[in-house]
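Start at 1 and go down the list; that is how both ligands and their atoms are numbered.
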Amino acid sequence: MLGILLDLSVNYKLLILMNVPFNNLYLQYLSLKEEIDSAINEVIVNSSFIRGKFVDEFEHNFANTVGVKNCVSCANGTDALFIAIKSLGVEENDEIIVPAHSWIATSEVVTLAGAKVVFCDTQKDTFTMCPISLESKLSSKTVGIIPVHLFGQSADMDEIMKVAHTNNLWVIEDCAQAHIACYKGKRVGSIGSVGTFSFYPGKNLGAMGDAGAIVTNDNQLAHQMASFARHGGLKKGIHEIEGMNSRMDGMQAAILGVKLPHLENWTKNRQEIAHSYMQNLANLDDIVLPQTSPFRNHVHHLFVIKSKNRDNLKSHLRDKGIQTVINYPIALPFLEAYSHLYHRHEEFPNAYKNQKSILSLPLFPEMNRLEIEYVVEAIKNF
Ligand SMILES: *Cc1c(COP(=O)(O)O)cnc(C)c1O
């Protein structure tokens, strides 16, 4: 009798139509509502709108979290990359190598800073920069490398740093999707010359608006980056260089300050949900699960599977009420924005193959068991 009931309950899961969102930021707010509301109120009471003590405090705490000496906050993750490149110094015709698979922020800032973007391929299974392809793209004009810890997994940093040291290049780690991810026990952002972070609301540590940060152990570079982001000077009336205005506001810093102590637990939740997906979706014919390479841990900003029937799978899941996303539908070299570079698909075989098969499943720290099981059942039924 009990067996029949259990069987029935399994089948019922397929009959009930649920809505599973890709992310649910409101649930995270609710879990910290009182603290967040009072932090916002404190910013207002102190008129601490731009910079101020909340920003100073967050910079200090975030530097400690990553395990570096300096954190320079700024307006968003794109600015973080731009400020880092400008402060490391680039000249016209300098080349900077970035992976073919990333968000366009990683490459557009290179052009914006006045340098030339050179793409290299990614690894087929980890989606991160391929060190062999990286080496093949070096030229006498290369000045820097921007590995991206894509989807929450560190790039192959030993190999990338080896290439950088041998060729005297700087390395900016784009950590926008990988807060507190590790490579050989070191947190990302502490390995290259500089690490850049985004606190866009949907990132693993998200503000309630735009915010970003740059971290480094190099005190002089930190000073230069802070100065560049604040109109070229840290003292009133003194401008050593021309800079820009890119700052984190007090409200975002106060909110991030409330959220930061929860980052480890949220990351654990993400990893448990990913584990659950891995176990339940193993051995399905058409589904390739994400892989984590040795020496790296994965903080699962995104859970990206591959399927030959990706588009049909996506519609099937949408019909079941499950929201999925493609990160990203077109690899960077093939975007219209780079059509003037005339890249061919064969130049970036892994990035090209992956763009046709990748699908990101819902994954957020507050996701419940029922939602996970529902997604799993819906995929198994495809
Ligand atoms: C989000 C993101 C950025 C840019 O961050 P913003 O805060 O949105 O400007 C840069 N690189 C990667 C890989 C990202 O995912």
Checklist line | Carboxylate-amine/guanidinium contact Glu264 Arg187, below 4.0 Å | finding: yes

Note to self: Set out, in order, the CA-CA distance, both residues' side-chain angles and the distance that settles ring pair (Phe, Tyr, Trp, His ring centres under 6.0 Å) for Phe62 and Phe58, then state yes or no.
What the structure shows: CA-CA 6 Å; Phe62 194 68; Phe58 179 73; 5.5 Å; yes

Notebook entry, point to check: So which bit of Asn76 gets within less than 4.0 Å of ligand 1, heavy atoms only: side chain, backbone, both or neither?
Noted result: both

Notebook entry, point to check: Among all protein non-hydrogen atoms, which one is nearest to atom 11 (N) of ligand 1, and what is the separation to 0.1 Å?
Noted result: Asp174 OD2, 2.8 Å

Margin query: Tell me whether Ser102 reaches ligand 1 (any heavy atom closer than 4.0 angstrom to a ligand atom).
Written below: yes

Check: What atoms of ligand 1 come within less than 4.0 Å of a heavy atom belonging to Gly77?
Finding: 4 (C), 5 (O), 6 (P), 7 (O), 9 (O)

Check: Is Arg369 salt-bridged to Glu272, cutoff N-O under 4.0 Å?
Finding: no

Note to self: For the 3.5 Å polar cut-off, considering only N or O atoms, please tell me whether Asp210 and ligand 1 meet it.
What the structure shows: no

Next item on the list: Kindly say whether the aromatic ring centers of Phe334 and His345 come within a distance under 6.0 Å.
Entry: yes

Margin query: For atom 2 (C) of ligand 1, what's the nearest protein heavy-atom neighbour? Residue, atom name and distance, please.
Written below: Lys203 NZ, 2.7 Å

Notebook entry, point to check: Are the ring centres of Tyr338 and Phe119 closer than 6.0 Å?
Noted result: yes

Notebook entry, point to check: Considering only heavy atoms of Ala105, which atoms of ligand 1 have at least one such atom less than 4.0 Å away?
Noted result: 3 (C), 4 (C), 10 (C)

Next item on the list: Number the atoms of ligand 1 from 1 as they appear, then name those within less than 4.0 Å of a heavy atom of Val148, with their elements.
Entry: 13 (C)

Next item on the list: Check step by step if salt bridge (charged side-chain N to carboxylate O under 4.0 Å, His left out) holds for Lys162 and Glu135.
Entry: CA-CA 10 Å; Lys162 220 186 283 169; Glu135 259 194 304; over 6 Å; no

Notebook entry, point to check: What is the closest protein heavy atom to atom 9 (O) of ligand 1, and at what distance does it sit?
Noted result: Thr78 OG1, 2.5 Å

Margin query: Between Glu373 and Lys380, does any NZ, NE, NH1 or NH2 come within less than 4.0 Å of an OD or OE carboxylate oxygen?
Written below: no

Margin query: Other residues, nucleotides and ligands only: do more than 12 of their heavy atoms fall within 6.0 Å of NZ on Lys124?
Written below: no

Item checked: Polar proximity ligand 1 side, Tyr200 side, N/O cut 3.5 Å exclusive -> no

Note to self: For ligand 1 and Gln177, I'd like to know whether there is a polar contact (N/O to N/O, distance under 3.5 Å).
What the structure shows: yes

